[in-house]
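The chain is numbered in sequence order, starting from 1.
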Amino acid sequence: MSRLAIAPPGPVLRRVDGAWWPHSTDLLAELPELLKALPFDWPRITHATVNGSRWSALPTRILVEGHVVRLRRTRTTRPGPDTVCLVAAGHGRWDLLIVPPETPEAEAVAAMTTLAQEALQEAPQEAPGDELPG
């Protein structure tokens with residue numbers, strides 16, 4: 001079962017759309033579980049790019065529930081958390097922060113909760129006077 005926190009959809013693009021806490025660094029085992037856990041109304045994911053070197057060896061593609069997902073790994077020298085970018089061709093992309101698998105449960109849950117709260121705060125708030133005339 002995938003451990004995932006997704007920010008609710010909104011009218012604004014976010015830097016980060018959620019957080020994922022995989023059970024291991026075996027992306028071939030973890031990615032299918034992640035894709036199954038995505039909201040049912042998300043389009044089919046066609047590409048996944050992981051940022052970071054913690055993942056075990058990756059092929060260029062994987063078959064997930066009868067369709068091909070292309071895989072790519074980027075290695076960056078910038079500090080910061082690892083991420084996974086999920087792309088649905090023609091529909092958009094979603095960036096998830098990766099909580100390292102070895103993170104203790106209390107820390108992982110707190111990190112995922114904080115991320116969800118920050119994502120909600122990124123959504124624009126209506127200013128007084130912005131209401132539609134009734």
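Shown here for Val64 and Pro32, the closest heavy-atom pair between the two residues is CG1-CA, 4.0 Å. Closest heavy-atom contact between Pro22 and Trp55: CG-CH2, 3.8 Å. Nearest approach of Ala48 to Val69, heavy atoms of both residues: N-CG1, 4.1 Å. Contact detail for Pro43 and Ala88: the closest heavy-atom pair is CG-CB, 3.5 Å.
How far CZ of Arg72 is from CG of Leu58: 12.0 Å, rounded to the nearest 0.5 Å. The CG atom of Leu35 lies 6.5 Å from the NE2 atom of His67; values are rounded to the nearest 0.5 Å. Atom CG in Leu71 sits 6.0 Å away from atom CD1 in Ile62 (nearest 0.5 Å). Note: Glu65 CD to Leu63 CG = 9.5 Å, rounded to the nearest 0.5 Å. Atoms CE and CZ, on Met112 and Arg3 in that order, are 8.0 Å from each other to the nearest 0.5 Å.
Applying the side chain to side chain contact (heavy atoms under 4.5 Å, CB included) test between Asn51 and each of Val84, Asp95, Thr74, Ile98 identifies Thr74 as the sole match. When Leu4, Ile6, Asp82, Val99 are each tested for a side chain to side chain contact (heavy atoms under 4.5 Å, CB included) with Trp20, only one passes: Leu4.
With hydrogens and angles ignored, the 3.5 Å screen pairs no side-chain donor or acceptor of Arg61 with any backbone N or O of Val68. Checked by atom type and distance alone, the side chain of Asp17 never pairs as donor or acceptor with a backbone atom of Leu96 at under 3.5 Å. Distance alone, capped at 3.5 Å, places no donor-acceptor pair between the Thr46 side chain and the Arg70 backbone. Listed for the His91 side chain is no donor-acceptor partner under 3.5 Å among the backbone atoms of Arg44.
Taken together through direct or relayed side-chain contacts under 4.5 Å among Ile, Leu, Val, Met, Phe, Trp and Tyr, Val87 and Ile45 form parts of separate hydrophobic clusters.
Other residues, nucleotides and ligands place more than 12 heavy atoms under 6.0 Å from the CD atom of Glu102. Few gaps surround CZ on Arg73; more than 12 heavy atoms of other groups in view lie less than 6.0 Å from it.
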- Full working for side-chain contact (heavy atoms from CB on, under 4.5 Å) between Val109 and Glu105: CA-CA 6 Å; Val109 170; Glu105 183 175 2; 4.1 Å; yes
- Query: Step by step, would you call Val50 with Leu31 a side-chain contact (heavy atoms from CB on, under 4.5 Å)?
  - Reply: CA-CA 11 Å; Val50 291; Leu31 187 63; over 6 Å; no
